[in-house]
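For reference, the structure discussed in these notes is given below.
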Amino acid sequence: MSFVYPHSEIEAKWQKAWSDKKADVTDIANAKKPFYNLMMFPYPSAEGLHVGNMYAFTGTDIYGRFKRLQGFDVFEPIGLDGFGIHSENYAFKVGKHPVEQAKRSEKNFYRQLSLIGCMYDWSRTVQTYDPGYYRWTQWLFVQMFRHGLAYRAKAEVNWCPSCKTVLADEQVIDGKCERCGNLVEKKALEQWFFRITAYAGKLLENINSLKWSEKVLIAQQNWIGKKEGINITYPVVDEKGTNIGEVVCFTTRPDTNYGATFVVIAPEHPFISILQRVIKKEKVDAIVQYTTQAKKVSPQDRIAQGRKKTGVDTGLLCINQLTGHKMPLYVSDFVVMGVGTGAVVGVPGHDLRDFEFAQSMGLPVLRVVVGSDGNKDPITKPEEVQEEDGVMINSGFLDGVPIKDAIEKMKDYLVQKGWAKRVTTYHLRDWLISRQRYWGPPIPMIHCATCEASGKGERSDTPGWYTVPDAQLPVALPYIEDYKPGDDGIAPLAKHKEFYETPCPGCGAAATRETDVSDTFLDSSWYFLRYPSLGSASENTAPFDPEVTKKWLPVTMYTGGAEHSVLHLMYSRFVTIVLKEWGYLDFEEPFPNFFAHGLVIKEGAKMSKSKGNVVNPDEYIKLYGTDALRLYLMFMGPFSEGGDFRDSGMEGMHRWVNRVWRMATSSLEVGTDTVASDILVKNLHKTIKKVGEDTARRHYNTAIAAMMEFTNCVADNNGTLPLPMLKDFLVILAPFAPYLTEELWERAGGTFSIHKQVWPKYDDKYLTEQSVPVVIQVNGKLRDTVYIDIESASNQEKVEAISLTSEKAQKFLGGEKPRKIIFVPGKLINYVV
RNA sequence: GCCGGGAUGGCGAAAUUGGUAGACGCGCAGGUUUUAGGAACCUGUGCCGCAAGGCUUGGAGGUUCGAUUCCUCUUCCCGGCACCA
């Protein structure tokens, strides 16, 4: 008799069988109850998977297998998000060409992914760097342009002067280059943007319809950052009172406007070019010097809180029409051009930053709000700045009004006077698509200087620009040797005439292709639409098949890391919303259900390459087997919370897998027609119920614990199970341990495959106990436990009678008559004395 | 600073509706078996105490017959955002 589960040979056997029999290939066309179970696909920024990835995939797969046993036609695909900066950087690091490295990574990722026992449909995979895929990523860009949602604008990119390269935001850590540690600068370049802000309202509204982990919804809400405020216009005059122009300030707190003492504009504010024409030369020089200086400061330093406030007085004055006061106009870098209107009205008594600025410039501070402390004294220290709730004073018609009402009253007043406009602003910014990099889909646009000169173009708002005609897609990424990011933010492809020289689709003159590639997040913003349509008749003529999509989308259950709470999930939602608007889809939300899994921790830190604490699953699979590793990963804690990876725990799970193996094989050997004890039958039904409920809510750890309790119970009762009970047990274990259970199922005479069986039903009649423990408490403290038959346990008189016979209880009752008796039927009785 | 999430034995954790705190596992201790190692199996294991008993879910209060669970304050840890006007 074999005592040790021979995992290697059994895993190899079933990998082959599942593959040969296409066990996990979903019948997309004929499925009756489609269930699209999707896990965020990995980006191969390393040689292979680590245990953190496997954790996420296993947790998703258990859910998929569970749903399949419950009768759904589950489609569970896998792919690689292999285009983009992550993968490109890894290629640089190992000194390989991104094209070569992609092949190597793909091979190794897919090798590992086929070992970890997930029910992937290997007939449908997506690699974002395949021309057959990125052709449609480019198509999506083209559609964005044609619908007026892609536009060009000057924008700042992160620039590392030491590496001479453009960096993505995520490569900038605390204002420094993640590779060399040099301070990152900003460089202004013409870039492509998607107008996601036009959908801010929709993206926010639709959140209410999503069944997502709460924290992810909150993150999305904050990221969209809707704010109701008001734009107040201040006329600007010089010291003689001559009108110069006006400055518009955004504020959410117009209630404090009686306390305004100055106005500040950002160094990049367009009003600076106006004022330069009208003020004295030395002032202009001071401003120019200041703004040039401000641009040199690293963006991180510039926005650092608590930094000493600096600025230049323009000598001009803004008129507060509310009070008639003239407020000096300053330029300061604590005001950021991208936020609000890039101009701020300073209320130093009720905003700490304004106060700091007023102090360093020697500007007056007025109090217009009295807080809960009732203090009406002048505000002279930072800690006295009153930003909390309160009531207005020194504010004319608002005196005595609470802040909340004062905000609305002031808005109404300013709007009615024609001095201001109510506005809604969002924290969400337009999506910067361009990357001056090599490893991505070339942006499918052509620029024609001839057309631009004559004001012609595909769209009147973007003269000189044409989309690449659909028939010419994809614009293939050429294999080049000088693929590293070049000097001055010029993309690698910009050095390749053979790539960019092309006739203008409009006039036929010599024109140039766009040489930037698109952001990785564009690749992953629509991949879920691609999977089910792979293999359909329209695979090569459309990004996704309308009929298939109608049947399989939106994604039934999406699972992924909370670190993608904002970007990936927001971009996918945006793309889906516009595809619906353009008539390609009939739903707006791609992921009505999203589950955020936790992170694997090792030695107190998130598992990551930089921390050097990554665990490669290969060695564990070799040593303990895939099933033991899957079980162990899921046993560490609830799937939503992640867990702490330890080798000792791994060994414990290995022991349990062997215990299951022995229990099952010996059950099969001794002949399994025997009748099981009542205890065992009851326990099995309890376990089926518990495992079903816990798996449904992804508390895999307690589901596994319940199965362990069951095997402990078997061990206490002869150590073997009758065949039907063994089979039921194997089915509920199958999602967690797919190889082990498939093998034992076969040995138990089951038909192929255990993973296509029906989840066993439990019978309530086995779940009720004959006698239940009833707790006897005195003053809320446990004093005794008695076992009473279920009927009597619900009867207060009977329970009282029985409990009073308890010596321990009597001791604490001390012969006194209880003042009060609390009775919870079937559970406890509590005497208050 | 703001927004989230946490804190329970030596460790990972459980407690689904306010009702037996610590399921399950690791580790540890003792034992059986074994030439030995390993494996397997059995017993014990929150803390203090010989015991009776007392104490115990980061800390301090509160509500309640009863609080890991609800409320207020507070400390620390993790994640995200951040001179957002």
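Letters A, B, ... are given to chains in the order of the sequence lines, protein chains preceding strands, and every chain is numbered from 1.
Among the heavy atoms of the strands lying under 4.0 Å from A:Trp223 are primed sugar atoms or P, OP1, OP2 only; no base atom is included.
In the set B:rG25, B:rA23, B:rA85, B:rG25 carries the atom at the smallest distance from any side-chain atom of A:Asn712. Closest to the A:Lys227 side chain, of the nucleotides B:rC84, B:rA14, B:rC24, is B:rC84. Nearest to the side-chain atoms of A:Thr251 among the listed nucleotides B:rC81, B:rA85, B:rG25 stands B:rA85.
Pairing partner, B:rC76: B:rG6, with both Watson-Crick or wobble hydrogen-bond distances short of 3.5 Å. The partner of B:rA40 is B:rU32, by the rule that a Watson-Crick or G-U pair needs both atom distances under 3.5 Å.
A side-chain donor from one of A:Ser803 and A:Tyr831 sits under 3.5 Å from a side-chain acceptor of the other.
Rounding to whole angstrom units, CH2 of residue A:Trp656 and C1' of B:rG27 are separated by 20 Å. Rounded to whole Å, atom C1' of B:rA7 lies 12 Å from atom CD of A:Glu641. Rounded to whole Å, atom P of B:rG66 lies 14 Å from atom CZ of A:Arg783.
The CD1 atom of A:Ile776 lies 9.0 Å from the CD1 atom of A:Ile802; values are rounded to the nearest 0.5 Å.
Note on ring orientation: taking the six-membered ring where Trp is involved, the planes of A:Phe595 and A:Phe639 are parallel (angle under 30°, cut-offs 30° and 60°).
The gap from the C1' atom of B:rA29 to that of B:rA21 amounts to 24 Å, rounded to the nearest Å. Across the P atoms, B:rU68 and B:rG59 are found 11 Å apart, a figure rounded to whole Å. Separating the C1' atom of B:rA39 from that of B:rC48 is a span of 37 Å, rounded to the nearest Å.
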Could you write out each protein N or O paired with an N or O of nucleotides 41-49 of chain B at a distance under 3.5 Å?
| residue | atom | partner | partner atom | Å |
| --- | --- | --- | --- | --- |
| B:rC41 | OP1 | A:Arg659 | NE | 3.4 |

